[in-house]
Amino acid sequence: MSEAEKRPTNFIRQIIDADLESGKHSSVQTRFPPEPNGFLHIGHAKSICLNFGIAQDYKGLCNLRFDDTNPEKEDIDFVNSIEEDVKWLGFEWSGETHYSSQYFDKLHGFAVELIEKGLAYVCFLNADEAREYRGTLTAPGKNSPYRDTSVEENLALFAKMKNGECKDGECVLRAKIDMTSSFMCLRDPILYRVRFAHHHQTGNEWCIYPMYDFTHCLSDAIEGITHSLCTLEFQDNRRLYDWVLENVSIEVTPHQYEFSRLNLEYTVLSKRKLQMLVEENLVNGWDDPRMPTIAAFRRRGYTPGSLREFTKRIGVTKMDNTVEIGVLEACIREDLNDNAPRAMAVLDPIKLVIENYPADQVEQLTVKNHPSDETQGTRIVPFAAELYIEAEDFREEANKKYKRLVIDKAVRLRGAYVITATRCDKDSDGNVTTVYCTYNEDTLGKNPTDGTKPKGVIHWVAAQQSLDAEVRLYDRLFNVANPAAEEDFNSVINEDSLITISGAKVEPSLVNAKPEHAFQFERLGYFCLDNKDVKSDKLIFNRTVGLRDTWAKTAN
RNA sequence: AGGGGUAUAGCCAAGCGGUAAGGCAGCUGGUUUUGAUCCAGUCAUUCAGAGGUUCAAAUCCUCUUACCCCUGCCA
């Protein structure tokens, strides 16, 4: 990871610096704790880079821990995809993968300890009753009628819960804290619920499952986490996090710190909403390249480094924020401009016939793979009398601002000769089908000897030698900057978020393209071979991102 | 007066009592066989607002305002 040059600074790193200096901690231990109930998205990448980045920079460790306390919503497939995504992003977790479910025995023991201390009780209030007893934001709650059950009886009841003698939802184990607290999460929060569900890690061993607030802090403590980083909505929960650790017999090292979650314009970043997009078939799965998931960015041609750079640029604070997609695009363009080999592709081909070029001749031109990085070498590109060029790169007539092919005007064919258009053919609808031109034989690698210099450069492929390709052009999924605020997604979906071009022509060297490895199709943007779909008769390319286009901006 | 948080440029974001970093976006020029890249320049007399302390305030104090989060047997 070469981006380690300048370390980011943020309030969490400042806390760690202080903790290290004061001797509160001698080393740093973090963790990334996803629930395996969906795919990781760019918001998770922020957390991953924060946690693993801190571990790297401070020579500490970072665990990967699945927070798997809700078996009904979780799945082993998500465990696998999450591990894959973290590795792909370029991080290695400390030791084996951890699971909160590994600690179910210990957690149970701590629950028993709380009961013995008179700090937890089994409550038979149903969900509706519990809600009533809880009170509201402005009104205090009232004590459960089961709050004063004896320790002995609570122990027996909890044992029944554990032994499967209570029905689903019949009762819960609650902490005895304060039903009048202004922190709602301190109004006797639920620690355990009864759930006869098969768990992807523990099978049918348990029929009671611990809640997040009870599990997370203890899992952190068990693993020796020093700095437990989470998002802002858990700020209130920190009081419960600390309460549990203070009231149980465990060596306490972890402290929770909260940072703001990432919001990105023109997309949604909540698992629930992403799941909705998948289930309603608004996209083609979690890894549809229009999704903001790690898997989707990967499929689209984003590099791990570009995503890491993005998380570095957006920073870590406690301020609510919505980042413009331009920041993300700038990151991937910067990476790919330096590293993606160039190639030529024509998305909307029209024929170009060079009338003074020998009809049966094919030249094998040597073309640079990168305009300024010589180390990327060269490749062979065939040149012949019949080529394809982009339909929008030709006009019969145009003003001086149009720097492409116009009748009686010259342009450079990228990496080849200077040509001058002479005439064109059109179909019955008036669309240009073929452009005729002459070429200047003495312009390969140099400007015309008459001192003129063509004002434009256009890309091309040789007609006979080119390959057929399908090209998928992606754009933002939503038409509004903040789709999450919308009640109905369907009304703000961008109908042009995917444009499939089936008749593209690409240069022959692209037979060797590898999935996910982006090329710059000159003058068009960055594209990579799709890593999933395959067609026998043509290559399938995804557009990662277009080139910056200041001309399009002023033209419109 | 429920509680917990946050306010610095269009969007992110440094700053931590000594006179407003940086990135993205934008705007001006220059180079260029990609309308890309690259290069140079430009872009907050002011930090949500009002008071106060100080030689000195985005930084400290007081009040006000706006926005976000909290009433799952989700995480």
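Labels below follow one simple rule: chain letters A, B, ... track the order of the sequence lines, proteins then strands, and each chain is numbered from 1.
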For Asp393(A), run the salt bridge (charged side-chain N to carboxylate O under 4.0 Å, His left out) check against Arg412(A), Lys403(A), Arg404(A) and tell me which one passes. Arg404(A)
How long is the line joining CG of Asp188(A) and P of rC73(B), in whole Å? 12 Å
Please report, rounded to the nearest Å, how far the C1' atom of rC74(B) is from the OH atom of Tyr192(A). 17 Å
Across the strands shown, which category fits Asp236(A) at heavy-atom distances under 4.0 angstrom: base, sugar-phosphate, nothing? base
Distances for protein N/O vs nucleotides 28-30 of chain B N/O pairs under 3.5 angstrom?
none

Scan Tyr212(A) against the nucleic acid and name what it touches under 4.0 Å (heavy atoms): base, sugar-phosphate only, or nothing. base
Distance check, P atoms only: rG22(B) and rU33(B), in whole angstrom units. 32 Å
Nearest-angstrom distance, P atom, rU62(B) to rU6(B): 16 Å
May I ask you to say what Lys403(A) touches in the nucleic acid, namely base, sugar-phosphate or nothing, with a heavy-atom cut-off under 4.0 Å? base
Expressed as a whole number of angstroms, how long is the span from Leu547(A):CG to rG35(B):C1'? 9 Å
Answer yes or no: are there more than 12 heavy-atom neighbours, outside Lys455(A) itself, under 6.0 Å from its atom NZ? yes
Do the side-chain N and O atoms of Glu223(A) and Tyr103(A) include a donor-acceptor pair separated by under 3.5 angstrom? yes
At under 4.0 Å between heavy atoms, what does Phe234(A) touch on the DNA or RNA strands: base, sugar-phosphate, or nothing? base
So is the aromatic ring of Trp551(A) stacked onto the base of rG35(B), judging by whether the centres are under 5.5 Å apart and the planes are under 30° apart? yes
Which pair of non-hydrogen atoms, one from Asn154(A) and one from Val122(A), has the smallest distance, and what is that distance? OD1-N, 3.0 Å
So, Asp373(A) and Gln376(A): side-chain donor and acceptor under 3.5 Å apart, yes or no? yes
With a non-hydrogen cut-off below 4.0 angstrom, is Gln520(A) in contact with a base, only sugar-phosphate, or nothing? base
Using a cut-off of less than 4.0 Å, is there contact between a side-chain N or O of Arg238(A) and OP1 or OP2 of rG4(B)? no
When you measure from the side-chain N and O atoms of Arg342(A) to the phosphate of rU34(B), is any distance below 4.0 Å, counting only OP1 and OP2? no
Nearest-Å distance once atom P is located in both rG23(B) and rA44(B): 15 Å
RNA chain B stem ranges, 3 or more consecutive Watson-Crick or G-U pairs under 3.5 angstrom: B:2-7 with B:65-70, B:10-12 with B:22-24, B:26-30 with B:38-42, B:48-52 with B:60-64
Whole-Å distance separating the CG atom of Asp178(A) from the C1' atom of rC70(B): 16 Å
Counting only side-chain nitrogens and oxygens, does Thr550(A) get under 4.0 Å of the OP1 or OP2 atom of rA36(B)? yes
When you check the phosphate oxygens OP1 and OP2 of rU33(B), does a side-chain N or O of Lys453(A) lie under 4.0 Å from one of them? yes
Please report, rounded to the nearest Å, how far the P atom of rC68(B) is from the CG atom of Leu262(A). 18 Å
How many Å lie between CG on Asn237(A) and P on rC69(B), as a whole number? 14 Å
With a 4.0 Å cutoff (strictly under), does any side-chain N or O of Arg193(A) reach OP1 or OP2 of rC74(B)? yes
Which whole number of Å gives the distance between the P atom of rU19(B) and that of rA56(B)? 15 Å
note: Glu258(A), atom CD; rA75(B), atom C1'; distance rounded to Å ~ 15 Å
State whether the distance check finds a donor on one side and an acceptor on the other, under 3.5 Å, for side chain Arg548(A) versus base rU37(B). no
Look at the rings of Phe39(A) and Trp286(A) and say which category their plane angle falls in: under 30° parallel, 30 to 60° tilted, over 60° perpendicular. parallel
Using the P atom as the point on both nucleotides, what is the distance between rA20(B) and rA58(B), in whole Å? 9 Å
Distance below 4.0 Å between Thr9(A) side-chain N/O and rA14(B) OP1 or OP2: no
Pairwise N/O distances under 3.5 Å, protein to nucleotides 40-42 of chain B:
none

Correct closest heavy-atom pair for Ala343(A) and Leu510(A) would be CB-CD1, 3.9 Å
Using a heavy-atom cut-off of 4.0 Å across all strands, would you classify Pro454(A) as base, sugar-phosphate, or nothing? nothing
In whole angstrom, give me the gap between the C1' atoms of rU65(B) and rU54(B). 26 Å
Would you say the side chain of Gln14(A) and the base of rC16(B) hold a donor-acceptor pair, judged only by whether the two atoms sit under 3.5 Å apart? yes
Would you classify Gly456(A) as touching base, sugar-phosphate or nothing, given that sugar-phosphate means primed atoms plus P, OP1 and OP2, and contacts are heavy atoms under 4.0 Å? nothing
Rounding to a whole Å, what distance do you find between Glu265(A):CD and rC11(B):P? 9 Å
What's the base orientation of rG72(B): syn (chi within 90° of 0) or anti? syn
Name the nucleic acid region contacted by Asn126(A), choosing base, sugar-phosphate or nothing; use a 4.0 angstrom heavy-atom cut-off, strictly under. base
With a 6.0 Å cut-off on ring centres, are Phe519(A) and Phe527(A) close enough? no
Note: Arg134(A)-Asp188(A) ion pair, threshold 4.0 Å (strictly below): no
Tell me whether Arg523(A) is salt-bridged to Glu390(A), with the criterion being a basic N under 4.0 Å from an acidic carboxylate O. no
Contact class for Arg187(A) vs. all strands (heavy atom < 4.0 Å): base, sugar-phosphate, or nothing? nothing
Please state whether the rings of Tyr439(A) and Phe383(A) are parallel, tilted or perpendicular, taking 30° and 60° as the class boundaries. tilted
